[in-house]
Undergrad: 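Let me begin by handing over the structure; questions about it come next.
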Amino acid sequence: MTTKKFMMVNRKAPYGTIYAWEALEVVLIAAAFEQDVSLAFLDDGVYQLKKGHNTKAIETKAFEKTWGALEDYDITKLYVAQESLAERGLTADDLAVPVEVLSRAEIGKLMEEQDVILSF
Amino acid sequence: MTTKKFMMVNRKAPYGTIYAWEALEVVLIAAAFEQDVSLAFLDDGVYQLKKGHNTKAIETKAFEKTWGALEDYDITKLYVAQESLAERGLTADDLAVPVEVLSRAEIGKLMEEQDVILSF
Amino acid sequence: MKFSILVNEGPYTHEASDTAYQFAKAVLAKGHEIFRIFFYHDGVNNATRLTTPPQDDRNIVSRWSKLAQENNLDLVVCVAAAQRRGIVDEGEMKRNGKDATNLAPGFRISGLGQLIEAGIQSDRLVVFGD
Amino acid sequence: MKFSILVNEGPYTHEASDTAYQFAKAVLAKGHEIFRIFFYHDGVNNATRLTTPPQDDRNIVSRWSKLAQENNLDLVVCVAAAQRRGIVDEGEMKRNGKDATNLAPGFRISGLGQLIEAGIQSDRLVVFGD
Amino acid sequence: MLHIVNKSPYDRPALNSVLATAEGGTILLIEDGVFAAVKGGAEEAKVKAAMAKFKFYALQSDLEARGMADRVIDGVTVTDYAGFVDLVAEHKTCQSWL
Amino acid sequence: MLHIVNKSPYDRPALNSVLATAEGGTILLIEDGVFAAVKGGAEEAKVKAAMAKFKFYALQSDLEARGMADRVIDGVTVTDYAGFVDLVAEHKTCQSWL
């Protein structure tokens, strides 16, 4: 099968809306199709990666386990915007999985290399 | 019937989403119930009142005629935030109907006098 | 005290529908009365019995139906918003020449006047939306 | 050139569905090919045949059906998103023990893989959403 | 009045709009609105300054869901749904800044 | 790359996010995004400054719907759906900043 470079751009906070969760379902399918998948987290999208989500009281499924499982799908390219973290008082240590913290400009350059950009 | 003071707070742009349109349907019903109805327009909600909407190409219904009809329903209290107009480069002359341009603080005081506030 | 609730967003897509449900439960637990829960905009999509959420997820629609049944709640779906979005009961099916219904138990379809009435009759009206 | 389109919002609520439709028409008018239009998130709600919009308004659902029929388009509704939101065809009705269907003509329900395939097979994939 | 804010202050002007419109009152942060109750971000100073005029609450379940229950700004009261109901009951009107 | 922005710059950070991320390219304003193409507002200066790096387009039907077709910032090209299709075809990738 043709392999293309797919980037999923996540700019929305988790739980307030379902976009982040349904985006993750697309990521897993893209990996199953053996595409070259990367994820970019900008703006409120960085909140998706925060560790320690406890969704018991709001009765929805939490992300943390799925982030951990991404490696099993060979998805290792998670890019997080440094500026977005800093603006929200977060650092890489606050995140549930290892990521590459990059400047927005660096993420912008990676966007230019993609074949398909899906945004949620 | 009991008469209450209803204020409909409009903070969303028209056409991009349906909220503004469906809010207007609530306004007309509230008037039919002979309630004391006022409308507040803040933030992007002020765009709803801009004159000269031409929605032919996007194939949706335009607001302008309905604003004009509000007077027939005895709805005359339309409050528009001066700061929101100015931020968007608009003045009262740009609007499709006569309104009262007030400061946000003045609108805030009117909000305090309401029995029911519906926001869209 | 008498509460009414307005739900403006559909199930799953926005947390508003979850928040409204949790709030309604807490209102009842506190011993208050719920005069009406009104579903408007995409909120009407809370009322379709055709959803099949994943087994490990909450069932938002049946949760509303159950809450209504157990507490004798009045769950009203706005007819105009429902027509735009395809929420149909027997009466709407016949009136509009449709060939199926999808309204879940415990909900009824009625006019926007029911929202205004809720505002008039209730001590508090709380809006959940996007 | 081969285009695919992703629609993430439901009809009427957000302009995304209108914009996607106008864009699809323009793609065809320019002589390009549309490989697939995929409906995800609340976009699946474009596919219910139970809507009855006001008579002086556009009928978004039947507009999609007609466009598909006239141009032999592949309109695919994501099955997982459809289950959450209550969009059902014959197969889904049987599989999930439902008592009605609401899928409009010209649409089919299938997996998310169809979106990835659209990304792979098309020269351009354009996303419309909120 | 009780002002209910369900939007992230980094994504929408809802909280700004409350602060620029109301003279004072109570602000309850729910859903993505709870990000305004979190320490260390660029919005913290604004919330702290607004405490002179407004009493702030944030919904516990939404803070927990987002992993933020342990970093709430001092002076913001964390409450549950029972407290949410009480806040609505205690104020003559409430407004959701959607 | 073609960046498609459908949000009002007064309501969402989408346009800001493009400007802070991409080195340059083309920005197409559609739906509520067309408010960024309108003269006289607080966002005008930002758009004008960004013209040094980005080529701006705005969708005619969305400008008309909002009554703004006659007050477009100089340097923003107004286009129709046929032009929208051409812009997508001319750029190797497009990204919708939802």
Side-chain angles (χ1 to χ4, degrees), chain A residues 2-14 16-24 26-27 30 35-48 79-88 100-120, chain F residues 1-37 42-43 45-47 49-59 62 81 84-98:
Chain A
T2 316
T3 299
K4 281 192 174 181
K5 289 172 80 75
F6 279 75
M7 177 177 271
M8 320 299 183
V9 178
N10 298 284
R11 295 182 48 251
K12 295 190 173 120
T17 54
I18 202 175
Y19 300 104
W21 185 267
E22 291 191 327
L24 195 49
V26 176
V27 168
Q35 299 301 300
D36 179 353
V37 179
S38 59
L39 283 73
F41 296 87
L42 301 168
D43 303 326
D44 274 0
V46 303
Y47 285 132
Q48 297 176 25
Y79 308 118
V80 178
Q82 164 60 30
E83 294 91 332
S84 300
L85 284 176
E87 191 185 6
R88 287 160 187 77
E100 215 170 317
V101 177
L102 300 173
S103 70
R104 277 184 175 273
E106 288 169 312
I107 292 177
K109 286 199 184 73
L110 292 169
M111 286 173 176
E112 295 285 349
E113 299 169 8
Q114 306 301 315
D115 297 309
V116 181
I117 299 185
L118 289 169
S119 37
F120 299 98
Chain F
M1 194 187 322
L2 175 66
H3 302 279
I4 303 171
V5 175
N6 73 340
K7 297 293 184 298
S8 163
Y10 300 98
D11 191 54
R12 306 281 189 99
L15 179 60
N16 279 342
S17 200
V18 178
L19 300 181
T21 307
E23 256 186 318
T26 305
I27 295 176
L28 172 63
L29 303 166
I30 67 170
E31 301 173 0
D32 288 343
V34 300
F35 291 123
E43 294 286 319
K46 187 196 295 166
V47 171
M51 284 180 182
K53 288 162 63 185
F54 295 89
K55 176 97 190 80
F56 279 87
Y57 291 82
L59 197 58
D62 283 322
Y81 273 96
F84 185 173
V85 173
D86 289 343
L87 284 171
V88 173
E90 287 160 13
H91 292 79
K92 194 194 126 211
T93 48
C94 62
Q95 176 172 185
S96 298
W97 291 72
L98 304 180

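Chain naming here is simple, since letters A, B, ... match the order of the sequence lines and numbering starts at 1 in each.
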Undergrad: Select all residues of residues 10-19 of chain F having any heavy atom within less than 4.5 Å of some heavy atom of chain A, and report them by number, or 'none'.
TA: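 Listed by number: F:P13, F:A14, F:S17.
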Undergrad: Sort by residue number and list every residue of residues 2-10 of chain A having at least one heavy atom under 4.5 Å from chain F.
TA: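 Checking residues 2-10 of chain A against chain F gives A:V9.
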Undergrad: Are any of the side-chain heavy atoms of F:T26 and F:F56 separated by less than 4.5 Å?
TA: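 Not in contact.
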Undergrad: Pick whichever of A:L118, A:I107, A:D115, A:D44 has the most heavy-atom pairs under 4.5 Å with chain F.
TA: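 So the answer, after comparing A:L118, A:I107, A:D115, A:D44, is A:D115.
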Undergrad: Locate the shortest heavy-atom distance separating F:A58 from F:A37; write the atom from each residue and the value.
TA: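 Where F:A58 meets F:A37 most closely, the heavy atoms are CB-CB, 3.8 Å.
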Undergrad: Mind checking whether A:Y79 and A:S38 have side chains closer than 4.5 Å, heavy atoms only?
TA: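 Yes, at least one pair of side-chain atoms sits under 4.5 Å.
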Undergrad: Say you draw a straight line from CZ of A:F41 to CD of A:E100; how long is it, rounded to the nearest 0.5 Å?
TA: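 Between atom CZ of A:F41 and atom CD of A:E100 there are 13.0 Å.
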Undergrad: Would you mind reporting whether F:L98 and A:K12 have side-chain heavy atoms less than 4.5 Å apart?
TA: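 Yes. Closest side-chain heavy atoms under 4.5 Å.
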Undergrad: Just one of F:I27, F:L29, F:L28 clears the side chain to side chain contact (heavy atoms under 4.5 Å, CB included) bar with F:H3, so which one?
TA: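 Filter result, single survivor: F:I27.
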Undergrad: Could you tell me whether the side chains of A:E87 and A:S84 share a donor-acceptor contact shorter than 3.5 Å?
TA: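 There is no such pair between these side chains.
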Undergrad: Look up atom CD in A:Q82 and atom CG in A:L42, then write down how far apart they are to the nearest 0.5 Å.
TA: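 A:Q82 atom CD to A:L42 atom CG measures 12.5 Å (nearest 0.5 Å).
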Undergrad: Using a heavy-atom cutoff of under 4.5 Å, enumerate the residues of residues 87-94 of chain F that contact chain A, numbered in order, or state 'none'.
TA: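 Against chain A, the residues of residues 87-94 of chain F that fall inside the cut-off (heavy atoms, under 4.5 Å) are F:K92, F:T93, F:C94.
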Undergrad: For A:D43, what residues pass the salt bridge (charged side-chain N to carboxylate O under 4.0 Å, His left out) criterion, not counting sequence neighbours?
TA: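 Partners of A:D43 under the salt bridge (charged side-chain N to carboxylate O under 4.0 Å, His left out) test: A:R11, A:R104.
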Undergrad: Within a 6.0 Å radius of atom CD on F:E23, are there more than 12 heavy atoms belonging to other residues, nucleotides or ligands?
TA: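 No, CD of F:E23 has 12 or fewer neighbouring heavy atoms, counting only those of other groups under 6.0 Å.
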Undergrad: Indicate yes or no for a side-chain donor-acceptor contact from A:Q114 to the backbone of A:M111 under 3.5 Å, with no hydrogens or angles considered.
TA: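 No; zero donor-acceptor contacts below 3.5 Å.
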Undergrad: Considering all heavy atoms of both residues, which atom of F:A22 and which atom of F:F54 are nearest to each other, and what is their separation?
TA: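 Nearest pair, atom of F:A22 first, then F:F54: O-CZ, 3.4 Å.
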Undergrad: Using only atom types and a distance under 3.5 Å, with no angle test, would you say the side chain of F:S96 pairs donor to acceptor with the backbone of F:I4?
TA: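 Not at all, since once roles are kept as given, no pair shorter than 3.5 Å links the two residues.
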